[in-house]
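Chain naming here is simple, since letters A, B, ... match the order of the sequence lines and numbering starts at 1 in each.
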Amino acid sequence: MTHAEIFAVVRRIPAGRVATYGQVAALAGHPGHARQVGYALSALHADSPIPWHRVVNAQGAISARTTDSGGALVQRIRLEQEGIAFRGGRVPLKQYRWSPDEHAVRRPTRRTAR
DNA sequence: CATTTGACATCTT
DNA sequence: TAAGATGCCAAAT
């Protein structure tokens, strides 16, 4: 697995939707290797052509990087600009989580979460 | 060539 | 529900 493979998957994430690290790893063909996804993204530049801002952790939150370049804030801003509403500093994955089969259904779970 | 570091996820306490 | 520990791979030094 290489960073390139991960980037390829991240590119497939449509605007207004988000994917988790684990999900991206799985789609890249490496389930269970969510960390590598984050590490790969860390190598990206803020203005990279990759929509890295659409990748969040399993909790729907933006992972804090060691070297806080304010990127975390930028990420949140970009997501909000794409129509994603944050809830308690988190993205309601039930509602925005992207799936390669998104044409199927977007989990119409009537659960109001917690 | 070996060691260290780095955007996470999942299980257990 | 929250916090701590463990597994994993690639790139940089």
Quickly work out the [X] [atom1] to [N] [atom2] distance and round it to whole Å.
X       : N     : atom1 : atom2 : value
A/Leu41 : B/dT5 : CG    : C1'   : 16 Å
A/Ile62 : B/dA9 : CD1   : C1'   : 18 Å
A/Leu79 : B/dA7 : CG    : P     : 18 Å
A/Glu5  : C/dC8 : CD    : P     : 19 Å
A/His30 : C/dC8 : NE2   : P     : 15 Å
A/Asn57 : C/dA2 : CG    : P     : 14 Å
A/Trp52 : B/dG6 : CH2   : P     : 18 Å
A/Met1  : B/dG6 : CE    : P     : 19 Å

Using distance alone, with no hydrogens and no angle criterion, decide if A/His3 and A/Gln36 have a side-chain donor and acceptor under 3.5 Å apart.
no

The side chain of [X] lies closest to which of these nucleotides: [options]?
X       : options               : result
A/Ala34 : C/dA10, B/dA9, B/dA7  : B/dA9
A/Arg65 : B/dT10, C/dC8, B/dA7  : B/dA7
A/Arg35 : B/dT10, C/dG7, C/dA10 : C/dG7
A/Tyr39 : B/dA9, B/dG6, C/dC9   : B/dG6
A/His3  : B/dA7, C/dA10, B/dA9  : C/dA10

Pairing of A/Glu82 and A/Arg54 as salt bridge, 4.0 angstrom limit:
yes

May I ask you to check if A/Arg35 and A/Tyr21 form a cation-pi contact, with NZ or CZ under 6.0 angstrom from the six-membered ring centre and within 45° of the axis?
no

Would a distance-only check, ignoring hydrogens and angles, find a side-chain to backbone donor-acceptor pair under 3.5 Å from A/Glu5 to A/Thr2?
yes

